[in-house]
Every structure is written in structure tokens, then in C-alpha cells.
Amino acid sequence: GTQEWLKLGLLNSVIISTMETQVSNGPSGTSMPNGPVISTNGATDDSKTNLIVNYLPQNMTQEEFKSLFGSIGEIESCKLVRDKITGQSLGYGFVNYVDPNDADKAINTLNGLKLQTKTIKVSYARPSSASIRDANLYVSGLPKTMSQKDMEQLFSQYGRIITSRILVDQVTAGISRGVGFIRFDKRNEAEEAIKGLNGQKPLGAAEPITVKFANNPSQKTGQALLTQLYQTAARRYTGPLHHQTQRFRLDNLLNATYGVKRFSPITIDSMTSLAGVNLTGPTGAGWCIFVYNLSPEADESVLWQLFGPFGAVTNVKVIRDFTTNKCKGFGFVTMTNYDEAAMAIASLNGYRLGDRVLQVSFKTSKQHKA
DNA sequence: TCCTATT
């Protein structure tokens with residue numbers, strides 16, 4: 001696992017133009033005692049052992065994450081943060097080491113590591129609290145000449161900046177697009193910055209800037225999530241694969257097996273006919289879809305959430321074991337319109353839900369070949 | 001006119 005990631009990082013060190021600042025949010029103390037720090041009330045102080053890891057590649061799994069950081073030292077706990085509904089990685093995670101020295105070592109050796117197109121950031125996690133959430137600002141209308149440093153200087157009067165970034169044009173290699181992000185330590189600092197800077201002209205600027213809270217990715221609609229899915233899926237099919245190691249071949253294999261033809265309903269039909277299987281067709285209320293590899297805990301709501309964004313869903317059903325009442329691993333969804341059903345199948349077949357890869361198809365009735 | 005940083 002770890003070797004693969006390290007290798008990938010070296011092979012795939014794609015240079016991306018980012019103006020990201022690596023802000024340290026670590027504890028200010030320099031001494032690193034051995035072993036967990038236990039306060040008098042018995043609570044563990046993890047400020048010197050708990051790390052947050054940002055900018056992880058989208059397709060990195062919990063296991064790979066643990067493997068990479070476990071190569072440094074004994075891990076007390078670690079978690080790749082994923083979307084509650086879709087199970088997709090949110091691109092960051094936490095690692096809590098047993099020994100503060102290992103946390104320090106992880107920052108020194110893994111911060112800035114290039115993995116695929118990402119440069120990961122490893123830093124001490126701030127203590128979790130509600131006050132640090134939703135502190136990310138979206139800034140637009142910036143003068144093209146304004147640098148990241150200039151922008152930080154402008155915003156720093158309102159609080160402690162955790163990250164800042166100015167988006168740059170991809171083709172002209174590094175020309176500012178006049179939009180960026182500022183993440184403050186505290187949400188109230190971000191609020192003050194909006195009050196103070198939204199609609200204001202920076203010194204010497206011709207136009208006022210817009211400052212607002214950034215869209216929160218964890219609150220994306222089902223539709224937006226699925227749009228993102230198409231895009232990441234499409235990128236995977238067209239991207240170069242020759243650098244991929246075993247683990248990623250598996251990832252691509254799953255996509256190839258379930259997904260290569262998945263944007264063409266015609267192909268779905270022809271493939272099922274070739275297999276000697278006929279679609280049941282629109283029976284009564286609509287098109288019945290078979291969903292396989294649901295978890296034992298799956299319920300109807302997850303099916304509504306997955307299929308609803310594609311169009312009219314008239315019925316969902318999770319098949320459960322009669323005695324345990326646990327899902328038997330599959331269910332059915334009925335959709336009114338063929339094209340919406342086909343799009344849902346094309347998009348959701350091969351889709352990772354939590355730790356599982358779904359198989360989604362029109363419900364079939366086996367028949368002898370003609 | 002939206003990069004994915006709080007479990």
C-alpha cells in the first residue's frame with residue numbers, strides 16, 4: 001500500500017499551479033513528550049498526536065490512508081472522512097498517533113507528498129469545535145494583479161487565516177482568475193471579514209470585491225453529487241492509465257467492467273440481449289431496476305436518495321430477511337421514464353456506496369436465446 | 001463566480 005502510493009507520487013508528480021499556503025496550525029510548544037498526555041481529569045490531550053491530512057486523492061481508500069500513515073508509527077486511530085450518503089471521500093482525514101514523536105515525523109516526511117495530481121498537506125488538527133466550521137470564504141472580483149499574499153494581507157485584519165488560494169487560469173499557466181478562497185480559524189472571523197470587505201474596493205482596485213461564504217461541499221444536493229460523479233468517472237476513462245499500480249488497476253477494472261459503456265442506453269440494451277436476457281419492459285407503473293450489493297443496514301431512504309435525482313421514482317423496495325429484518329443485499333427501484341431510468345443505471349452501476357460497489361441494471365427475466 | 005479543513 002504505502003510503497004504504491006509513494007511510487008505513484010514520484011511517477012505522477014504532475015505540476016499543478018496552486019498558490020496554496022502551507023499554514024501550520026500546530027501546537028506552539030517545542031518539546032515532544034513520549035506517550036499520550038493524560039490530564040488530571042482523565043481526558044487525553046491529542047493536540048500533539050492528532051493530525052489532519054488534506055488534499056488526498058479522490059480515489060484513496062481508508063485502507064490505503066491507514067497504510068500510508070501507519071508506515072510512520074503506531075496509529076491510535078485514523079479516519080478518512082467520507083460523505084455520509086455516498087461514501088465518497090471528502091479528500092481529507094485524521095490520523096491520531098500513539099506517540100507525539102510519530103505525529104511530528106509524519107508531518108516532516110509526508111507533508112507535501114505528491115500523490116497523483118494532489119499535494120497532500122499534513123498538519124496538526126485543531127481541537128474540534130463548532131466555531132471552526134463553515135469558516136471558508138469565496139472571494140470574487142479580485143484584481144488580476146492581486147497575489148495570494150496581498151489577499152491574505154487584506155483579510156488577516158479579521159482573524160487567523162488557515163488557508164488561502166487564488167484560482168488560476170489552467171491554459172495561460174498561472175494568470176489569476178480573480179477569484180479565491182480564504183479559510184479563517186473561526187467562523188465569526190469569517191463573518192467579520194464579510195462585513196468589512198464585501199462590496200469594498202481593495203486599495204487601488206477599480207472594482208469592488210464580493211466576499212461570501214463558500215459553497216459547502218458536504219451540503220451538496222444529490223444532483224450536484226452525481227454531476228461530480230460523472231465528471232470524475234469521465235476523467236478516469238480518458239486519463240492515462242500506464243502509471244497505475246495494482247490497486248488502481250482494480251479500481252479501473254471495476255469501472256471498466258461496469259462502466260465503460262455506461263453512458264449509452266443502447267449499449268445496455270444490446271449487451272443484455274447478447275447475454276440472452278430480456279428486459280422486463282415497462283410493467284404497469286414503469287421500469288423496474290435491480291440494485292445489487294446493498295449493505296445489510298440499507299433502507300429505502302438510500303434508494304430514494306440515489307435514484308431520485310435522475311427523475312420520477314414511483315417505488316423503492318429493499319429486500320429483507322424475514323427473520324433478521326436485515327437487507328439481503330439487493331433491492332428494486334421503479335422509475336416512470338425509460339431515459340431517466342437508463343441514465344440512473346448508467347450512472348449508478350459501479351457506483352461506490354460506502355465500502356460497496358453497486359451493480360445496477362434493469363430487472364431482467366431470463367429467457368432462452370432465440 | 002467555487003478550491004474541497006474538523007471526525
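Just so it is clear: chains get the letters A, B, ... in the order the sequence lines come, proteins before strands, and each one is counted from 1.
Of the candidate nucleotides dC3(B), dA5(B), dT6(B), dC3(B) has the atom nearest to the side chain of Asn136(A). Relative to the side chain of Ser123(A), the nucleotides dT1(B), dT7(B), dA5(B) differ in distance, and dA5(B) lies closest. The nucleotide whose nearest atom lies closest to any side-chain atom of Lys121(A) is, among dA5(B), dT6(B), dT7(B), dA5(B). Checking dA5(B), dT1(B), dT6(B) against every side-chain atom of Ile132(A), the shortest atom distance belongs to dT6(B). Residue Arg133(A) has its side chain nearest to dT7(B) when only dC2(B), dT7(B), dA5(B) are considered.
Minimum interatomic distance between Gly73(A) and Tyr97(A) (heavy atoms only, all atoms of both residues): O-CE2, 3.6 Å.
OP1 or OP2 of dC2(B) has not a single side-chain nitrogen or oxygen of Arg165(A) nearer than 4.0 Å. Distances shorter than 4.0 Å separate none of the side-chain N or O atoms of Lys79(A) from OP1 or OP2 on dT6(B). The phosphate of dT4(B) (OP1 or OP2) has no side-chain N or O of Tyr55(A) nearer than 4.0 angstrom.
In terms of the ring pair (Phe, Tyr, Trp, His ring centres under 6.0 Å) criterion, residue partners of Tyr138(A) (sequence neighbours excluded) are, by chain and number, Phe181(A). Scanning for side chain to side chain contact (heavy atoms under 4.5 Å, CB included) contacts around Glu207(A) gives an empty result, with sequence neighbours left out.
If Arg177(A) and Arg183(A) are placed on DNA chain B by their nearest nucleotide, the residue sitting closer to the 5' end is Arg177(A).
A side-chain donor-acceptor contact under 3.5 Å links Ser147(A) and Asp150(A).
Counting any heavy atom pair closer than 4.0 Å across all strands shown, Tyr92(A) reaches sugar-phosphate atoms only and no base atom.
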